[in-house]
Undergrad: 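First, the structure itself, so that you have it in front of you.
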Amino acid sequence: MAGNLKLIKNPLSKENPITVQVLGICSSLAVTAQLKPAIVMSLSVIVVVALSNVVVSLLRNTIPQRIRIIVQLVIVSMMVILVDQILKAFVYEISKQLSVFVGLIITNCIVMGRLEAYAMSHKPYVSFLDGIGNGLGYSFILITMGFIRELFGSGTLLGYRIIPESLYEAGYANNGLMIMPPMALIIVGIIIWIHRSRNKDLCEK
Amino acid sequence: MQEIINIFVKSIFIDNMVFAFFLGMCSYLAVSKTVKTSMGLGLAVVFVLFITVPVNYLINKYVLTEGALVWLSKDFAEVDLSFLSFILFIAVIAAIVQLVEMFIEKVSPSLYSQLGIFLPLIAVNCAILGASLFMQERDYNNVGEVIAFASGSGIGWMLAIVGLAAIREKIRYSHVPAPLKGLGITFIITGLMAIAFMSFLGIKL
């Protein structure tokens, strides 16, 4: 039981997919200009990682070694198509906002990385937990970034105004750069900096 | 003609794959330690984009969009297969990468030994799938425009990775705080490069 708990807890900090394993940066940065798309994207990634981990783990003894990448890609794209259709049906606005980035979950290195590193050699239940854990680690960073960027970039959270009007009248202005792409990269850099100065053993030589 | 040049320039500088959309970040971060290897990967990406995006364009136009199958029979006028696009695009990319690899190995062993290790990596590079998905979303008019877009994005990606590799080679001699070393400083450099690229915004031929 303790081992299972570890599977979920470790990716949140010590083995975080974004800041430590450096997987899945591609799609994570573009969707974080606001909090809401960041949350939807996180949920989609958790679902895709967990489910494709289970399916691959069930099939792990029957997949031929040589063509495993293609088999994995097909399984993952099937899951992504399901998620994409569901998003289009229920939250069309956000699905438009996420545009190609839902499709790009297919080539998101987190999914492929976990399939290769974990699901191909473990039983379905632990693979499922591993998928959930890594999805949560990814979401944690994504939501933190969405929070910072929306709060300082537009003064709102989930579309509700947080910074009061009186502050704007006193001369406060939104930081327009926060919504621009470059700031996403710099914020990840700073998150990594903080994370590593708290866990000294993660520093690179 | 002017339209094509416009798309070409725009996709190199303004809609740069790395700085504006964060695509292909995983290999961008992992393989940018020396200029030489990053040059190899850059060339491979340009090459694969140049082939896969036009092929996917033709598939999208003649198979996937609504009513695209009319050339087969009049009965298919209402068939809309666009939900299959993810799975078909990724299959095309994986297959073409495999073919290109075998072809280069046969024709030019010296180029193969240069690109060799990078080619299989490219099948799961989000820049490649991303370019195909952007092509589908942006509705280009003809193959010429698509080729301009594909080669432009490839060259833009190469520009970014070679530039970053050159900076990283120099920064080895600088005094970077320990927790920021490696990954952290790379993100911040990329962010600053992206701010520099923002100055191209609004250029139009």
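Every chain is numbered from 1 and lettered A, B, ... according to where its sequence line falls, protein lines coming before strand lines. In what follows, every heavy atom counts, from backbone to side chain, and hydrogens, waters and symmetry copies are set aside. Source: prediction; values computed, not measured.
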Undergrad: Find the distance between CD1 (B:Ile87) and CE (A:Met78) and round it off to the nearest 0.5 Å.
TA: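 So the gap between those two atoms works out to 7.5 Å.
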Undergrad: Are there more than 12 heavy atoms of other residues, nucleotides or ligands under 6.0 Å from atom CZ of A:Phe128?
TA: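 Counting other residues, nucleotides and ligands, CZ of A:Phe128 stays at 12 neighbours or fewer.
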Undergrad: side-chain contact (heavy atoms from CB on, under 4.5 Å) with A:Ser77: which of B:Leu84, B:Ile90, B:Leu88?
TA: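 Answer to the side-chain contact (heavy atoms from CB on, under 4.5 Å) test with A:Ser77 among B:Leu84, B:Ile90, B:Leu88: B:Ile90.
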Undergrad: Side chains of B:Phe22 and A:Pro181: closer than 4.5 Å at any heavy-atom pair?
TA: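 Answer yes - side chains close enough.
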Undergrad: Under 4.5 Å from any heavy atom of chain A, what part of B:Met193 do you find: side chain, backbone, both or neither?
TA: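 Nothing of B:Met193, per the 4.5 Å heavy-atom cut-off to chain A.
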Undergrad: Heavy atoms only, distances under 4.5 angstrom: which of A:His195, A:Arg198, A:Met180 has the most pairs with chain B? Name it, please.
TA: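 Top count of heavy-atom pairs under 4.5 Å with chain B: A:Met180.
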Undergrad: Counting only heavy atoms not in B:Glu137, do more than 12 fall under 6.0 Å of its CD?
TA: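 Yes, because the 6.0 Å sphere around CD of B:Glu137 holds more than 12 heavy atoms from other groups.
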Undergrad: Given that the side chain runs from C-beta out, which part of A:Met183 has a heavy atom under 4.5 Å from chain B: side chain, backbone, both or neither?
TA: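 Neither part, no heavy atoms under 4.5 Å.
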Undergrad: To the nearest 0.5 Å, tell me how far B:Ile93 CD1 sits from A:Ile106 CD1.
TA: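 Those atoms lie 9.0 Å apart.
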Undergrad: Going from CD1 on A:Ile192 to NZ on B:Lys181, what distance comes out if it is rounded to the nearest 0.5 angstrom?
TA: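 Going from CD1 on A:Ile192 over to NZ on B:Lys181, the span is 15.5 Å.
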Undergrad: Just so I know, are the side chains of B:Met25 and A:Leu185 near enough to count as touching, which here means a heavy-atom distance under 4.5 Å?
TA: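 Yes; the side chains approach each other to less than 4.5 Å.
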Undergrad: Looking only at heavy atoms and a cut-off of under 4.5 Å, which of B:Ile185, B:Val18, B:Leu133, B:Ile128 has the most pairs with chain A?
TA: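 Looking at each option in turn, the highest pair count goes to B:Leu133.
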Undergrad: What distance do B:Ile188 atom CD1 and A:Ile190 atom CD1 have between them, rounded to the nearest 0.5 Å?
TA: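 The CD1 atom of B:Ile188 sits 5.5 Å away from the CD1 atom of A:Ile190.
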Undergrad: Heavy-atom count check: over 12 atoms from other residues, nucleotides or ligands less than 6.0 Å from A:Tyr172 OH?
TA: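 Enclosed: over 12 neighbouring heavy atoms sit under 6.0 Å from OH of A:Tyr172.
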Undergrad: If you apply the rule side chain to side chain contact (heavy atoms under 4.5 Å, CB included), what do you find for A:Ile186 with B:Phe187, and how did you get there?
TA: CA-CA 6 Å; A:Ile186 293 176; B:Phe187 268 112; over 6 Å; no
Undergrad: For A:Trp193 and B:Pro177, which heavy atoms make the closest approach, and how far apart are they?
TA: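 Smallest heavy-atom distance, with atoms named: CZ2-CG, 4.3 Å.
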Undergrad: Measure distances from B:Phe19 to the heavy atoms of chain A and classify the residue's part below 4.5 Å as side chain, backbone, both or neither.
TA: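 Contact with chain A: backbone only.
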Undergrad: Counting only heavy atoms not in B:Phe197 (residues, nucleotides, ligands), do more than 12 fall under 6.0 Å from its CZ?
TA: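 Yes - once you tally the heavy atoms of other residues, nucleotides and ligands closer than 6.0 Å, there are more than 12.
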